Amino acid sequence: MLAQEMASRGLAVLCVLVAGLGQVGSSDQAGREDLNPAALYPWRQRSSGGLSRVKRDWIIPPIRVLENSKQVPENLVQIKSDKIFTGEVIYKLEGPGVDQDPKNLFEIDDKTGWIRSMIPLDREKYRSFTLKAFALSPSGERLENPSTIEIVVLDQNDNRPNFSQKEFAGSVYEFSVPGTSVMSVTATDADDPTTDNAILSYSIIGQESIPLLRINKTMFGINNETGAIYTRDVGLDWEVVKGFRLKLQVADMSGMGLTSLANAVIHVTDINNNPPRFSPDQYTMSAVENKIDFVIGWVNATDNDEPGTGNWETKYTIAKGNPSRNFAIRTDPVTNEGILSVVKALDYESQEVYTLTLTVENVNPLSIKAPKNPVSSATVVVTVVNENEAPRFIKDPIEILVPESVDPGTVLASNIAYDPDNAKLKYDILRDPEGWLIINHETGEIAARKPFNVLSPHVKNNMYNAVIRVTDTDAGGISTTASLVITLWETNDFLPQLFPLMGTVCSESGRKTSGLFLTAVDEDLPPHAEPFTFHLQDMNVSANWTIIQVNGKDRIRYSYRPGHMLCLLIPTPSICVCVTLSLSPETHAVLQPLVELETGEYAVTVLVTDSGTPSLSAYAQVNVTVCPCGKDGECKTEAAAIFGTRVGVSFIALLVIMASIALLLLLLLLAVAVGNCRRHHMKKGEGLLVGDSDEDIRDNILNYDEQGGGEEDENAFNIDLLRNPTDVGPLPISYYPPVSGIPRGKQPLRKDYPDNLPSPSYPRKPPADPTDIEDFINDGLEAADHDPNIPPYDTALIYDYEGDGSLAGSLSSIASASSDGDQDYDYLNDWGPRFKKLANMYDPR
C-alpha cells in the first residue's frame, strides 16, 4: 500500500514538473511582454477631449523580475517622456540597487531610457526594489517631476525544506490506545510562503522497533500538514518492545517538490501493570533475645516492571504477628529485597516463637490496566534463642529526694534491680566521690553513711550523682550499671554569723548620725540564709543603741578613694558608714547610737536570725569604740579635734596659745630642777624602793653607764605609765608624767572570764628591806593563783597594760570577711606606676 502511494505521488510530481517547464518557457518570452510593457510613459498626463490636462502623475504598476535569471544583463523596461522637447532628453535612475546598497544591480540607458538588471537576483535576500526615474535636459535641468518605479522579484522553488532537528525524541505509555498523541515535528522552507514553493507535507517513510523485529506492523502515523505523530495500532507493551525509530520526510509544493529527511526515536514508557510477588513465600529465621537493631534475614519479591522506577520498587509490611513491634522490615534500594530486623529486645521467657505475615506492594500505585490479583504475602517463622541475660534495674537513673541532714543509717532506696533468669545478684557502688553512701551487697539496699553537705563541690544544682552496679553471680558474671541521682533537700543547719565584731563610731553630736555597718553570713543556701533580722536583746543596751536593717528599698551611694575605705551613704535614715565589703540589702544592718556617748569602748550584744525553717539565731558581741572623728570620718586625738574645727584662729588667740606654751616650758624646767634637788637630799642607807611615801612603789630603770653614780643614783626613767592603773594605788604627784592631751578612757571589758567574784588581797606595802623582794613576789604570785577572776591558762591573757588607745584609731573598720587571696587588686594598675608596685606587693600574680 505504501509503495502504491509513493508511486502515485511520483507520477503527480512528474506531471507538475512538465507543466512548469512549459510555463517557464512561454513566460520567458510572452510573460515579459504581457506583464512588463516594452515602453512606459511615466510622465504621460491624462486629457479630456484633448483640450485640458489633469494635474497628477500616472500610477505605474510594479515591474516583475524572476529570481536566479541567467540572462544578464537583461532589459526590464523602457521609460519615455511624452513631452516635445527641442533638445536631447537624458534619463537617470537612483535608489537601492542602483546607487544605494546593494549597488549595481540595476542601470538605465541615459538616451533610450531602458532599465536593465545587471546580475541574477535572489528573492530570499531582496524581495523588491523602489527606484526613482528622472528626465533631465543636457544642462541638468529637470524636465519632469521624479517618478517612482517598483521592481518585484518573483520567487522560484530554489530552497529545500529543513527539519528543525536531525533527530526528534518522544515517549508514549505502554498500552496506549490508537490516536494517542506522541509528539510533533517541525520544518521550515525559505521560499515565498505565499506560493506553493513553501507549502510543506510530512510523512513517515520507515519504522523499526527497539529491539529489532519485535513488532512489524505500523504503529505510528503523522499528520502531513502539522507534523503531529500519533499511535495507529494497539500492542505497545514495555515488556516486549522498549521503543521505535522512525524515518521522517518533509517535501515542499504540497509534497511534490524538494524533500528533506530526519529521524524520530519514540520510547515506550512503563506503567505499573505488574504487581510484585514473593518468591518464595515461606521463610524460617532465628533471633537472639535481649539484643536490638540487628538483621535476622532477607525476603525476596519479583516485579516485571522497569527496574529503578517507582513501578518496580517495593515496600514491605508486617501485617500480622508483631503486636509489640519487636520487628521491622525495610527495602534494600539496590536489590529490592526486604530486610527483616529486631528493633525491640525479645524475651525468651515470654515468647519463644513468632509467626510473621508479610505483604509487599509497589511504591507507585498499580495502574488500572494491571490484573486484578490479590496482594502477595509471605510467612516468616522466627525462633527466639535463649541466652544468659544481664540483671536489670527497675529504674535508670534511680532518683531519690532526701534532706541534706539525713541521719546516718537511713535507708534511701531498696528493691532497685532484678534478674530475668532469677540468678543471684551482687550489688556494688562504683562511684561515690564523697563516700556518703553504703549498700547491702546482697539485697541492694542503699543507706546513708553520713550526713550530706549541699556545699560539696560534687553537688551541682542540689544534685549528687553516684553509680550503682549489679552483677549476675551465677553464670558469667554479667553486670549492669545505673545512675543514682540524689536531690538534696536544703535544711537549716548553720547559725548565722555577724562581722565585723569591732568598729568605731564618731562621737560628735554635730555630725550626721554615724553608725557601724554590720554584715551577716550563713553557710546555708537560700531559703535558709538571707534575709536576716537584727535585734538588740539587752534593754540597757537598747536604751543607748539601735540597729537599723538595710532593706532592698534603700538606694546606697558610694565613693572610693585609693588607700581609703569604701564610704556608703544611706539616705533613709541618713547614716554614713565606711566598710570594705560587698553589699547585699538582705544581709546588712547599721548599729547606731541613740544618744551622745562618751569617748571609750562599748560592748553591744546583737541577735541575728536567719530565714530558715525553722529559723536559727545567734548572739554576737560587737566591741564599738566611740571616738572623735575628722572630716574624713576617721578617729583622731582631742588636740587634733580642737584644731580641726571650722572656726579660724584669730591673732589674739594665737598670742594666748604661744604664751601658754612658754608658760608650760617654764613649768617643765622648774619640775626638772626640783627633781634634781630631791635626789641630792635622800638619806644614805635607805633602799632603792624607799620613797617619801609608803605608797610610793616604783619600778626603775637605772642608767648603769653613768660614771660614779653607783646604786645611789636614782636618776632613772619612771615606767609607771606602762602599768595598769587599776592594779596600783595612786602614786605621788611627783611621779606622774606631764599632762597629756590623751584622756584615760574605760578599759575594754573581757567576756571570757567572770569579773564579779571577790578577789584575794594582793600585797600592797613594799618590804622594808630589799632582801624581802623575793617574799613580796611570791606572796603576789600565790594571790594571783587563787584569784577566781583570773582567766584559765588556755585563754588569751593580758600580760601587761599598754594604754587606753592609739592616736591612729581602731583598725576594725577595715576588717574583711575574705582573705588577701580573695581580693582583686587589678584595679590598682589603672592608677599609675606607683600603685602598680602596690598591686604587685599584695598580689604578685
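Positions are given from 1, in the same order as the sequence printed here. The shown structure was predicted, so the numbers you read here are calculated from the model rather than taken from an experiment.
Within 6.0 Å of the OH atom in Tyr173, the count of heavy atoms belonging to other residues, nucleotides or ligands does not exceed 12. Under a cut-off of 6.0 angstrom, the local environment of NZ in Lys369 is crowded, with over 12 non-hydrogen atoms contributed by other residues, nucleotides or ligands. Atom CG of Leu212 has more than 12 heavy atoms from other residues, nucleotides or ligands within 6.0 Å.
Between Ser209 and Ile215, the shortest heavy-atom distance links the atoms OG-N, 3.6 Å. When every heavy atom of Thr379 is checked against every heavy atom of Thr355, the shortest pair comes out as CG2-CG2, 3.9 Å. When all heavy atoms are compared, the tightest approach of Pro408 to Lys450 is CG-CA, 3.9 Å. The heavy-atom pair separating Ile486 from Val402 by the smallest distance is CG2-CG2, 3.5 Å. Between Lys217 and Asp233, the closest heavy-atom pair is CD-OD2, 3.3 Å. Here the shortest heavy-atom pairing between Gln207 and Thr218 reads OE1-CA, 3.7 Å.
Counting heavy atoms from C-beta outward, Thr231 and Val182 have side chains that approach closer than 4.5 Å. Residues Val590 and Leu518 form no side-chain contact, since every pair of their non-hydrogen atoms from C-beta on lies 4.5 Å or further apart. At a threshold of 4.5 Å between non-hydrogen side-chain atoms, the residues Glu399 and Thr487 do not count as touching. Taking 4.5 Å as the limit, every side-chain heavy atom of Lys426 sits out of range of all side-chain heavy atoms of Val470. Phe278 is listed as a side-chain neighbour of Val360, based on a closest heavy-atom distance under 4.5 Å. Counting heavy atoms from C-beta on, the side chains of Tyr202 and Leu248 never come closer than 4.5 Å. Side-chain contact between Val299 and Leu358 is present, with at least one heavy-atom pair separated by less than 4.5 Å. Side-chain contact check for Ile339 versus Thr331: every heavy-atom pair is 4.5 Å or farther apart.
Distance check, rounded to the nearest 0.5 Å: CZ of Arg449 to OG1 of Thr410 gives 14.0 Å. Rounding to the nearest 0.5 Å places CD1 of Ile468 at 4.5 Å from CD1 of Ile439. Distance CD1/Ile271 to CZ/Phe175: 6.0 Å, rounded to 0.5 Å. Atoms CG and CD1, on Leu484 and Ile416 in that order, are 8.0 Å from each other to the nearest 0.5 Å. Atoms CD and CG, from Glu208 and Asn216 in turn, are 11.5 Å apart once rounded to the nearest 0.5 Å. Summarising the geometry, atom CH2 belonging to Trp298 is positioned 8.5 Å from atom CD belonging to Glu337; distances are rounded to the nearest 0.5 Å.
The main-chain N or O of Ser483 is found under 3.5 Å from a side-chain atom of Asp396 such that the two form a donor-acceptor pair. Judged by distance alone, the side chain of Asn311 and the main-chain N or O of Asp305 form no donor-acceptor pair under 3.5 Å. Of the possible donor and acceptor atoms, one in the side chain of Gln549 sits under 3.5 Å from a partner among the backbone N and O of Phe532. Side chain of Tyr418 to backbone of Asn415: no donor-acceptor contact under 3.5 angstrom is found.
Note: His458 and Tyr464 fail the aromatic proximity criterion, with ring centroids not under 6.0 Å apart. For Tyr354 and Phe327, the ring centers are positioned less than 6.0 Å apart.
Residues Thr471 and Ser479 have side chains that never bring a donor and an acceptor to within less than 3.5 angstrom of each other. For the 3.5 Å distance criterion, the side chains of Ser456 and Glu434 qualify, holding a donor opposite an acceptor. At a cut-off of 3.5 Å, with distance as the only test, a side-chain donor of Arg392 or Asn290 sits close to an acceptor on the other residue. Of the N and O atoms on the side chains of Thr314 and Asn336, at least one donor lies less than 3.5 Å from an acceptor on the other residue.
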message: Pair Gln282, Val380 - check side chain to side chain contact (heavy atoms under 4.5 Å, CB included), show working.
response: CA-CA 6 Å; Gln282 298 290 331; Val380 180; over 6 Å; no

message: With side chain to side chain contact (heavy atoms under 4.5 Å, CB included) as the criterion, how do Ile210 and Arg245 come out once you've worked through the C-alpha distance, each side chain's angles and the decisive distance to 0.1 Å?
response: CA-CA 7 Å; Ile210 304 173; Arg245 180 176 286 105; 4.3 Å; yes

query: Checking ring-ring contact (aromatic ring centres under 6.0 Å, His included) for the pair Phe220/Tyr230: CA distance, chi angles, key distance, verdict?
result: CA-CA 6 Å; Phe220 301 95; Tyr230 55 88; 9.0 Å; no

- prompt: Are Lys315 and Glu361 close enough, and set up right, to give a side chain to side chain contact (heavy atoms under 4.5 Å, CB included), and what steps lead you there?
  reply: CA-CA 6 Å; Lys315 57 181 180 180; Glu361 57 184 349; 3.3 Å; yes

message: side-chain hydrogen bond (donor to acceptor under 3.5 Å, both in side chains), that's the test. Do Thr359 and Ser377 meet it? Break it down for me.
response: CA-CA 4 Å; Thr359 59; Ser377 62; over 6 Å; no

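Among Asn274, Asp303, Thr309, the single residue meeting the side-chain hydrogen bond (donor to acceptor under 3.5 Å, both in side chains) criterion with Asn362 is Asp303.
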